[in-house]
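A short write-up of the structure that comes next.
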Amino acid sequence: MPVITFTINGVPVSGQQSESILEIARQHDIRIPTLCHLDGLSDVGACRLCLMEIEGTSKLLPACSTYPSENMVVRTDTDKLKRYRRTIIELLAAEGNHQCAVCVVNNNCELQNLAYEVGLEHVRAQYLFPKKELDATHPDYIIDRNRCVLCTRCVRVCHEVEGAHVWDIANRGINCEIVADMNQPWGTSESCTSCGKCVLVCPVGALIEKGATVSEMEKHRAFLPYIMTARTKQEWIARAIEED
Amino acid sequence: MTIEELEERAASEQQRQAEFKKRVLTCTAAGCVSCGAGKVVGHFRAQVKERNLAKEVEVVETGCMGLCGSGPLVRVAPDETMYKNVDLEAAHQIFDEHVVGGKPVAAYAVDPKMPFFTRQVKVVLENCGRIDAEKIEASMAAGGYEALARALTEMKPEEVIEEVRKAGLRGRGGAGYPTGLKWSIVRKAQGDQKYVVCNADEGDPGAFMDRSVLEGDPHRVLEGMAIAGYATGASQGYIYIRAEYPLAIERLKTAIKQAERAGLLGNRIMDSALSFRIDLRIGAGAFVCGEETALMRSIQGRRGRPRPRPPYPSEKGLWGMPTLINNVETYANIAPIIRNGSAWFAAMGTPKSPGTKVFALAGKICNTGLIEVPMGVPLREIIEEIGGGTPEGTTFKAAQTGGPSGGCIPAEHLDLPVDYESLQLVGSIMGSGGMIVMDSTSNMVDVAKFFMDFSVDESCGKCVPCRSGTKQIALLLEKIRSGQATPDDLALLEELCVMVKETSLCGLGQSAPNPVLSTLRFFRKEYVDLLIPKLVYEPHEA
Ligand SMILES: Cc1cc2nc3c(=O)[nH]c(=O)nc-3n(C[C@H](O)[C@H](O)[C@H](O)COP(=O)(O)O)c2cc1C
Ligand code: SF4
Ligand code: SF4
Ligand code: SF4
Ligand code: FES
């Protein structure tokens with residue numbers, strides 16, 4: 001396989017014909033924001049964050065699913081592309097219910113990180129406040145569709161890696177949502193092996209483990225009197241830590 | 001079947017038709033059926049039976065005759081008198097006075113010298129409304145399958161492609177990609193199996209060109225596809241058609257069966273080495289399934305979602321194999337090109353856009369219906385002469401071409417030649433052939449909102465700019481319409497339009513903002529008039 005040389009943002013790079021421009025950029029420490037791409041899964045070119053300008057082509061093409069040719073001149077850092085990336089994140093922020101302050105993945109969220117990275121300071125688009133269904137029927141996991149950015153990573157990992165193909169997309173356009181099996185409660189899915197891969201790949205707080213949500217963190221204050229009684233009656237089994 | 005046999009069957013059908021004193025043709029395409037053509041045909045048939053005229057009078061059901069706004073339409077041959085608005089009473093009179101009595105009924109007759117007819121040039125529609133679409137003999141009598149026979153016996157595949165290339169035919173599905181070039185790429189592409197696909201999804205609101213061709217002359221499309229199969233080396237064809245076209249599907253099924261029985265499809269066509277089958281694939285009517293990569297996924301039985309191109313279908317299409325995808329009208333042009341030669345075809349239209357184009361003329365115009373004109377005719381001729389102008393008391397404001405992917409052409413560009421490049425120059429597109437006329441009573445912000453709502457509904461939802469961006473654009477348009485938007489909203493609207501256009505994955509999103517951008521370009525004032533002024537802080541003078 002011949003090696004191809006070309007430039008990204010003026011930096012000369014080399015790679016193989018079979019490597020996507022995104023892979024080659026990463027090998028050369030050139031950062032291109034991505035969301036739907038995940039190493040190991042097939043690429044769908046859906047989030048449009050990795051769009052690049054290529055000299056001689058009028059269309060913007062996604063780095064994750066475009067392959068290089070000799071002497072290609074690629075730019076990923078123009079003002080226009082930066083602006084478009086910010087708008088994409090803005091559209092995503094307005095599309096779902098992303099109240100980071102009360103979200104389980106606060107500070108561990110790819111959408112949040114991307115918002116910092118592209119400098120999204122405020123949202124001009126109208127918030128849509130979707131009322132999609134939250135499904136907590138699975139014994140271990142929850143899907144909150146209102147936080148889903150429809151990257152389809154869960155669909156692909158479940159199909160391509162786990163081989164179970166539980167997830168699919170239902171509906172069209174703005175009403176798209178991720179559904180389990182034949183659009184049934186996840187807990188009743190017979191194809192799900194409960195492997196948890198979908199939860200691991202989800203970039204946002206849409207697929208989560210149980211016990212991690214903010215409401216599940218609620219303090220059980222009704223329990224406090226028992227502690228009081230136990231302490232006054234000296235019913236402790238072990239001594240307090242400080243006394244050791 | 002050999003060429004001789006084909007000619008023989010054609011001649012005997014011509015002979016059979018000539019033996020009738022009169023032939024009464026009624027359009028039973030969707031438009032005329034919806035205003036009562038079924039009853040009219042029933043009446044004719046009953047009359048023939050009652051008066052024992054089966055030997056003298058033939059009653060024929062045909063495809064679209066063009067003047068859809070004045071249906072049901074009836075044509076009496078051989079004198080070619082055409083009647084419009086034929087209700088039962090009219091049918092009675094026509095049968096009595098014309099078919100039996102021999103004297104045309106002036107009250108319902110259409111003036112054959114009306115510009116609607118004289119300004120049209122029919123290539124694709126030459127048989128539409130003139131032949132019985134359910135009889136292969138009728139097609140043969142009109143020259144059907146002659147071109148396939150000629151290609152198979154006299155031409156090499158390369159020569160067929162060269163002929164199509166020299167004709168300058170460009171894809172009629174919207175983008176105008178050179179057909180000969182596409183065919184030669186598929187021919188040269190490596191693959192154990194190749195496919196030929198006919199895109200009959202026709203999702204533009206208001207468009208019915210492809211449906212009319214399939215309902216009126218299905219064999220023409222089959223013939224074009226078989227020639228494409230021979231030229232590209234494909235042995236399997238698919239027609240992807242929406243379930244909303246039941247009559248077209250029925251007629252195609254009949255046509256495929258007849259062609260197979262006649263040895264014009266299937267194994268060893270006309271005793272040559274060519275084997276070519278055609279199967280139907282019925283779509284559920286999503287607009288995005290007309291996009292070629294989504295269409296192919298749908299044929300494979302998967303969800304119709306586009307994927308990034310390249311790779312193009314001509315390299316990697318159905319099941320990863322080289323696949324030729326063309327529009328119905330594109331295939332319908334093939335047989336006449338092979339029959340009459342590329343020079344004949346190239347002489348019509350303009351040098352860069354040769355041939356003719358079928359349009360579905362609708363909206364605020366006197367003669368609505370299906371028309372075919374040479375490429376490059378001035379828009380004025382279509383609107384004022386063929387279409388008969390806007391209704392009394394109103395004036396022409398704009399024509400919208402290309403449906404939800406296109407734009408509008410305002411009155412000041414009425415003299416624009418209708419071809420691919422000129423339309424693009426004013427921010428519209430040729431599209432597949434929908435043409436909606438708007439008069440002084442139409443509001444352009446409403447028009448933009450209508451098309452944007454369509455795109456919001458039809459977006460597949462795969463990529464962010466189209467899924468979420470079109471929704472935001474529609475919300476902004478609504479805000480403007482309801483008089484609640486500020487100049488900032490208008491600026492955001494324009495920004496989003498450009499962004500969605502440039503960043504969307506497929507043609508749907510890439511062209512969805514066109515109706516807004518184009519109405520903004522020519523009718524900006526209508527938007528601005530609806531804005532509330534920016535709030536400005538004015539200090540109080542004490
Ligand atoms: C959203 C969308 C819808 C389309 N719908 C149709 C259609 O209904 N019919 C059609 O022939 N082409 C349609 N196209 C164009 C096809 O993708 C393709 O370019 C065309 O079928 C190629 O045929 P041609 O070269 O004969 O024009 C559509 C494209 C897009 C992006
Ligand atoms: S837990 Fe595993 S099997 Fe179940 S849906 Fe997620 S990825 Fe698929
Ligand atoms: S649930 Fe998570 S992984 Fe699945 S599509 Fe939504 S955001 Fe992506
Ligand atoms: S542009 Fe629209 S229709 Fe096309 S892939 Fe994106 S979301 Fe789907
Ligand atoms: S990472 Fe390339 S389009 Fe999403």
Side-chain angles (χ1 to χ4, degrees), chain A residues 20 35-36 42-53 57-67 69 80-81 83-96 111 114 123-128 130 148-152 155 159 168-178, chain B residues 284-289 293-294 302-311 452-476 478-479 484-486 488-489 491-493 495-510 512:
Chain A
S20 73
L35 182 60
C36 63
S42 63
D43 277 306
V44 287
C47 73
R48 317 304 283 167
L49 280 173
C50 67
L51 286 182
M52 27 170 215
E53 290 176 26
T57 311
S58 58
K59 290 232 162 94
L60 305 176
L61 293 173
C64 63
S65 38
T66 305
Y67 295 82
S69 56
K80 183 167 88 175
L81 289 174
R83 209 171 53 238
Y84 286 167
R85 268 181 220 135
R86 194 164 56 231
T87 312
I88 288 170
I89 302 295
E90 179 181 1
L91 288 172
L92 284 174
E95 181 184 80
L111 183 64
L114 283 164
V123 172
R124 301 160 301 169
Q126 283 187 50
Y127 284 100
L128 302 183
C148 170
V149 293
L150 292 164
C151 66
T152 69
V155 178
H159 173 80
D168 245 311
I169 308 143
N171 305 335
R172 225 164 37 199
I174 199 76
N175 299 317
C176 271
E177 51 184 56
I178 300 292
Chain B
F287 179 51
V288 73
C289 284
T293 59
R302 304 174 61 195
R303 183 184 162 93
R305 288 198 133 187
R307 62 154 172 79
R309 299 174 309 174
M452 193 47 69
D453 285 345
F454 178 84
S455 294
V456 172
D457 280 347
E458 295 294 334
S459 162
C460 83
K462 177 171 181 174
C463 70
V464 184
C466 169
R467 177 180 77 228
S468 204
T470 54
K471 177 73 188 169
Q472 293 292 341
I473 294 173
L475 286 172
L476 283 167
E478 190 47 46
K479 201 170 173 191
Q484 293 176 342
T486 63
D488 286 344
D489 289 316
L492 180 60
L493 174 75
E495 189 192 318
L496 282 178
C497 282
V498 176
M499 180 262 178
V500 170
K501 199 174 155 75
E502 290 214 2
T503 56
S504 288
L505 191 161
C506 85
L508 194 155
Q510 286 162 8

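Naming: A, B, ... by sequence-line order, numbering from 1 per chain.
The part of A:L51 that comes within reach of chain B is its side chain, from C-beta onward, which places non-hydrogen atoms under 4.5 angstrom from that chain. For B:D488, no part sits under 4.5 Å from any heavy atom of chain A, backbone or side chain. Residue contact with chain A, scored on non-hydrogen atoms closer than 4.5 Å, involves the backbone and the side chain of B:E458 alike. For A:L81, no part sits under 4.5 Å from any heavy atom of chain B, backbone or side chain. Proximity to chain A is absent for every atom of B:S455, based on heavy atoms less than 4.5 angstrom apart.
To the nearest 0.5 Å, the span separating SG on A:C151 from NZ on B:K462 amounts to 12.5 Å. Annotation: the span from A:E90 atom CD to B:L492 atom CG amounts to 7.0 Å, rounded to 0.5 Å. Considering CG of A:L91 and OG1 of B:T470, their distance stands at 9.5 Å, rounded to 0.5 Å. Residue A:Q126 holds its CD atom at 10.0 Å from CD of B:E478, rounded to the nearest 0.5 Å. In this structure, B:L505 CG and A:S65 OG are separated by 7.5 Å, a value rounded to the nearest 0.5 Å. Taking NZ of B:K471 as the reference point, atom CD1 of A:I174 lies at 7.0 Å (rounded to 0.5 Å).
For the pair A:R83 and B:E495, the salt-bridge criterion is not met [side-chain N within less than 4.0 Å of a carboxylate O].
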Problem set entry | From CA spacing to verdict: side chain to side chain contact (heavy atoms under 4.5 Å, CB included), A:V44, B:R305 | CA-CA 10 Å; A:V44 287; B:R305 288 198 133 187; over 6 Å; no
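At least one side-chain heavy atom of A:Y84 sits under 4.5 Å from a side-chain heavy atom of B:V498. A heavy-atom distance below 4.5 Å is not found between the side chains of A:R124 and B:L496. When side chains are defined from C-beta on, B:V464 does not count as touching A:R48, because their heavy atoms never get closer than 4.5 Å. Within the 4.5 Å cutoff, side-chain heavy atoms of B:R303 are placed close to those of A:I169. Between B:Q472 and A:L128, the closest side-chain pair of non-hydrogen atoms falls below 4.5 Å.
A:K80 NZ: more than 12 foreign heavy atoms inside a 6.0 Å radius.
Most heavy-atom pairs under 4.5 Å with chain A, from the set B:G461, B:S468, B:C463, B:A286: that is B:S468. Ranking A:N171, A:T152, A:L61 against chain B, the residue ahead of the rest is A:N171, based on heavy-atom pairs under 4.5 Å. If you tally non-hydrogen atom pairs under 4.5 Å between each of B:P308, B:C460, B:S504, B:P465 and chain A, the highest count goes to B:C460. Most heavy-atom pairs under 4.5 Å with chain A, from the set B:R307, B:R309, B:E502: that is B:E502.
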